Structure formats: C-alpha cells, structure tokens
Amino acid sequence: MRDVESQLAYLSRGVDRITPEAEFRQKLERSVKSGTPLRVKYGIDPTGIDVHLGHTVPLRKLRQFQDLGHKAIIIIGNYTALVGDPSGRDETRARLTKDQVEANARDYLEQVGRLIDLDRAEVHRNGDWFARFSFLDVLELTRKMTLGQISAREDFAQRIAAEKPVYLHECLYPLMQGWDSVEIKADVELGGTEQLFSLLVARDLQESQGQPPQVAMTMPILVGTDGTRRMGKSLGNYIGVADAADAMFGKIMSIPDEPMRQYFTLLTEIPIPEVDRLLDPALNPRDAKEALGRAIVAQYHGAEAAETAARAFRKRAAGEDPDVVPEVAVSAARLDAAQSLPAFLLLKELGLEPSASSARRLIEQGGFNIGPDREVVTDPKAPITIHDGLIVRAGKRRIARVRLTP
RNA sequence: GGGUGGAUACCCAAGCGGCCAAAGGGGCCAGACUGUAAAUCUGGUGGCUAUGCCUUCGCAGGUUCGAAUCCUGCUCCACCCA
C-alpha cells in the first residue's frame, strides 16, 4: 500500500472538499499502519437506468480508492426506489415493483461494472436492513434530526422560499442514507457537493451508535452538454457510459469550450500540466476537445474505437459522407410512372424526417441534397428520380442510401 | 376542514369572445459563418401529397354566428389558515 502523502495526492484530484480533512489523514495513517483498507461508500438509487458521466465522477473516485487497495462499497437504494419518490412533480412516477427495482439494480451494476471492479467490491441493497425496520425504528431515527436542521439545508430553504413543495419523505432521505453508513460502517463516503448535508448526517448517526464517524468527500457537479446545468437524464444533456463510441465522441465535441477543464479534471487521468498545455488559448480548442473525447471514449470502448470515432467525426466536420451509409429499403410500388417521388415524401419514406410537414420545412430551408454531387433541391414537391443506391442527405448529420425493393 | 391561486404546444410562460396553430424565452432543427456537432448571426419549429383542410389550450357539457378566452360540473396541482 502506498504511503499517506502519495495517497492523499492521488485522491485529491477533482475533489471539492474533504470534511473534516484532518480526520481523513488520520484514517489514512491508521490504515497504512495497520494494513487495513478503508471502507469507502457510494450509494445510488436504481430508479432510472442510464449511468452517465456525471455519475462517473464519484464512481471514478471510488475506483481510485480501489486501486489504492481500499474497499469499495456500493449501496443500491432499492428500498427508497421501491417506496417511490413522488417528487417527480407533474407525472406521478409509476410505482416500481420489486421486480423492476431488482432489474434496474442489476442493470445499474452492469453499467457500474465498467468503472468499478465489482469482484473486489461489496454491494449492498439498503432494503436488506430497511425492510426490517419497524415504525418504532423509524421514529427513533427521526429523533436524530430537527426541522430546523432540515430546513436549513440550502435546497430545501430555496424551495420553501419559492413556495415549492417539500415532502416529508424527502426529509427522511438524509437519515436513511446516513443509516446506510451505520450499517456498513463506512470510513469515507463519496458524493456530489450537494450531498454534503446527507454525508454529514451519517456522522451523527454513526456516533450515536458508538462508531467512529465517516469522512465526507465531495466532488463538483459535472455540467451537462449544454455547459450550464448539471448533467442529468431529465435535462437531456447527458452522455451515457453505455453510449456508442461515435455518439459519445460527438456529444463530447458538442459541449461548449468553457467546461473542458472540468471534464479533463473529473473525467480523465490526463495530468494537469498536460491539460494546461492543451487548453492554451493560443491553440485550437477543437484539438483539446478532440483529445478529451478520445480520452473519455477510450475508457469505455478502447483506444482503437476512440480513434475511429475521432476520425469519423473529422470526416463529417469536413462535410464528407461517413464510411458506412445506412441503407433503407424503398418499395418500387411507391414510385410513380417516371420512377420518381416528391422530395418531401422521399424523406419521410426513408425515415429521415418524422412527418411530411417537417420534411417540407427541411427542404425549404436548404437542408436536402442528393447524389454524389450533393444536388440541393429546395422545392418540397420536386420529383426525385429514384434509383437503387441513391444517397439522400437531410441536414449535415442524417444520411441514407436508397435500396429499391420490388 | 376553510380560503386563495393555478392547469396553454417538448419545457417555462403570455393570451382573457373574432385579427389564435396561439406572443416571448429555452430546447430542438435548418442555413450562414467558423479553428469544433463551441461561439455568433438568420430562419424554422401540430398534422395532412396542402395556397386549403383537420386536430390542439386539464376533462365533460353549455352560451354564442364565433370560445384558449364566458357559464356549469368534474379531475388534478400548489400555497395560506386551522
């Protein structure tokens, strides 16, 4: 096991704060001296299915702990998911069944397995202990916190000020999460900066149970592809770890220039001096973004796939067709006597546009061209003579090759 | 239990009898430009083989020549008071 200083240096990258910092050092010292790995906890609720790069920030940190020989402990919040979180506002979230939750959990683990060595990790479902909780146990738990403490929490305070609802069960979340730490005797818990409150609640609960309190290690919230709001599924600005290499690379290239440093720091191992060099204002930011894309895609799809994705992207940026153009079957019966089809119908037929109306719009705006010479047609009703192998482009990214069938 | 406010297109949000397929913003799409699917600028953004027709403003009825706008009932949501 590496010495304390070296571990501290390795683990501090991309960390917002460690609370309390002195205790963390002590824990590391004790761990090194006794040869006992730290128990490092990270929890997730299996309500959705897409693990995205935002989730990977703490997960990568967990992996780093693992690489240093510490124990990674993943908590699957299956019990909270089973109860159903109604804070989803407009749509009352369909109450998940046990089977769904379990399926989600397995799905989660499969995705998490891309980052964490699950063979060396402990995985717990918090239903294992919460399902046994009696109402009295719940009451006992709620005695540990006051309304004042809860409402002092910034996000709650904001919502109260904005006259937005705060549900009671939401108040229990930090307590439940904290109790997880008691059950697994956590030394360190990882989370985003917004988790700090919950991570600290665990300390009180642990102490009340005669355990040494855990240390909270928080990391910045990753911004999404829009460059402003946090990465999230509901905001539609996320990059999933299960995304195909091309899509992942493309999404990374679509982020604004500003958050690049954050992405480099939180999502890659590229040394900071090297990052500084890449982000030199004198250089083309595109090249930095490309390096970023390659580094991230390589983590999930391998270096070769990353290189291929980067090449394909460059090709597209240069206005060239991709190597592989998807073929779409068109029935010859759809054509008129002159073997042609009005342009807008062709687009719809090929599935490049969802409706005739939107196809007309695209064509009128000059986003439609065909054949090797990229002949632009701007009249939606213009008859297009169809032949097998005809290449049709809609905008800069959508393309199809006609496959005539009888 | 009582009171108040609200439900509008993917999201936020105007409109309060005809000029409303419905302002504005976001998102998204297209075009231009470009050192990038960044930034910036311009246009578009319900459907329909379409200069017109159909459907849409929580749901169901009603008033009216005409309703997103008025009336009645219902459903749902939030906040305040208890």
Side-chain angles (χ1 to χ4, degrees), chain A residues 86-93 159-168 170 223-229 231-239 243-264 278-294 296-297 309-320 322 334-338 340-349 352-369 374 376-384 392-399:
Chain A
S87 67
R89 304 246 51 187
D90 35 12
E91 90 252 37
T92 5
R93 194 167 298 172
R159 279 158 65 178
I160 290 165
E163 301 197 328
K164 291 270 172 59
V166 174
Y167 289 90
L168 276 186
E170 295 181 275
V223 297
T225 51
D226 56 8
T228 32
R229 296 174 302 174
M231 184 174 284
K233 189 178 181 180
S234 56
L235 295 174
N237 62 355
Y238 72 100
I239 302 170
D243 280 353
D246 278 338
M248 191 180 272
F249 191 87
K251 285 185 190 176
I252 293 164
M253 290 304 281
S254 81
I255 68 167
D257 295 344
E258 292 70 34
M260 275 201 283
R261 176 173 293 277
Q262 190 192 34
Y263 274 53
F264 271 118
L278 283 165
L279 294 179
D280 184 331
L283 300 176
N284 186 344
R286 188 208 40 189
D287 296 333
K289 213 174 283 177
E290 214 182 279
L292 176 68
R294 265 198 299 261
I296 295 174
V297 172
R311 203 166 43 239
F313 182 85
R314 244 182 273 126
K315 236 182 141 173
R316 217 168 317 155
E320 294 170 36
R334 298 281 296 139
L335 308 183
D336 61 19
S340 69
L341 209 54
F344 74 98
L345 277 184
L346 176 61
L347 278 180
K348 203 182 158 190
E349 201 70 25
L352 293 175
E353 279 291 333
S355 75
S357 299
S358 60
R360 283 165 185 270
R361 274 181 232 121
L362 179 88
I363 294 165
E364 280 164 4
Q365 292 177 130
F368 172 76
N369 71 74
R374 296 167 179 266
V376 176
V377 176
T378 53
D379 175 12
K381 284 195 283 194
I384 306 297
V392 178
R393 302 177 194 81
K396 290 195 175 74
R397 277 180 261 167
R398 283 162 290 162
I399 185 167

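All values reported here derive from a predicted model rather than from experimental measurement. Naming convention: chains lettered A, B, ... in sequence-line order (proteins, then strands); numbering from 1 in each chain.
- The NZ atom of A:Lys396 sits 11 Å away from the C1' atom of B:C29 (whole-angstrom rounding).
- Nucleotide B:C16 has no partner under the Watson-Crick or G-U criteria, as no pair reaches both atom distances under 3.5 Å.
- Nucleic acid contact for A:Leu345: base, since at least one base atom lies under 4.0 Å from a heavy atom of the residue.
- Taking 3.5 Å as the limit, the base of B:U36 and the side chain of A:Asn284 contain no donor-acceptor pair of atoms between them.
- For the pair A:Glu353 CD and B:G44 C1', the computed distance is 12 Å after rounding to whole Å.
- Spacing of C1' atoms, B:G52 relative to B:C59, comes out at 31 Å, to the nearest Å.
- Of the inter-residue distances, the one linking A:Leu341 atom CG with A:Leu347 atom CG reads 9.5 Å to the nearest 0.5 angstrom.
- Mapping A:Asn369 and A:Phe313 onto RNA chain B via the closest heavy atom, the residue that lands nearer the 5' end is A:Asn369.
- A:Arg360 places its CZ atom 7 Å from the P atom of B:A50, with the value rounded to the nearest Å.
- Between the CZ atom of A:Arg361 and the P atom of B:G44 there is a distance of 11 Å, given to the nearest Å.
- B:A68 and B:A22 have their P atoms separated by 13 Å, with the value rounded to a whole Å.
- Among the protein residues, A:Leu283 comes within range of the nucleic acid bases, having at least one heavy atom under 4.0 Å from a base atom.
- A:Arg397 comes within 4.0 angstrom of a base, heavy atoms only.
- For the pair A:Gln262 CD and B:A38 C1', the computed distance is 16 Å after rounding to whole Å.
- Atom CE of A:Met231 is separated from atom CG of A:Asp226 by 9.0 Å, given to the nearest 0.5 angstrom.
- In this structure, the CZ atom of A:Arg229 is 8 Å from the C1' atom of B:G26, given to the nearest Å.
- One interatomic measurement links the two molecules: NZ of A:Lys348 to P of B:G46, which rounds to 16 Å at whole-angstrom precision.
- Base pairing annotation: B:G61 forms a Watson-Crick or G-U wobble pair with B:C71, both donor-acceptor distances under 3.5 Å.
- Counting non-hydrogen atoms under 4.0 angstrom, A:Arg398 reaches the backbone sugars and phosphates but no base.
- Across all strands shown, the partner of B:A30 is B:U42, judged by Watson-Crick or G-U wobble contacts whose two distances both fall under 3.5 Å.
- Counting to the nearest Å, the C1' atom of B:U49 and the CD atom of A:Glu364 are 14 Å from each other.
- B:A21 and B:G47: their C1' atoms are spaced 10 Å apart (whole Å).
- Base pairing analysis places B:G5 opposite B:C77; the two distances defining the Watson-Crick or G-U wobble pair are each below 3.5 Å.
- Using a 4.0 Å heavy-atom distance criterion, A:Ser357 is classed as a base contact.
- Judged by distance alone, with hydrogens and angles left aside, A:Lys289 brings a side-chain donor or acceptor within reach of the base of B:U36, the pair sitting under 3.5 Å.
- To the nearest 0.5 angstrom, A:Leu278 atom CG is 9.0 Å from A:Asp287 atom CG.
- Base-pair partner of B:G52: B:C48 (Watson-Crick or G-U wobble, both distances under 3.5 Å).
- When heavy atoms are screened at a 4.0 angstrom cut-off, A:Gly250 is found touching base atoms of the nucleic acid.
- With hydrogens and angles ignored, a donor-acceptor pair closer than 3.5 Å exists between the side chain of A:Gln365 and the base of B:G43.
- Taking CZ from A:Arg316 and CD1 from A:Ile399, the interatomic distance works out to 10.0 Å, rounded to the nearest 0.5 Å.
- Nucleotides B:U64 and B:C76 place their P atoms 31 Å apart, quoted to the nearest Å.
- B:G66 makes up no base pair with any nucleotide shown, lacking Watson-Crick or G-U wobble contacts both under 3.5 Å.
- Under the 4.5 Å side-chain criterion, counting only non-hydrogen atoms from C-beta, A:Ile255 is in contact with A:Leu292.
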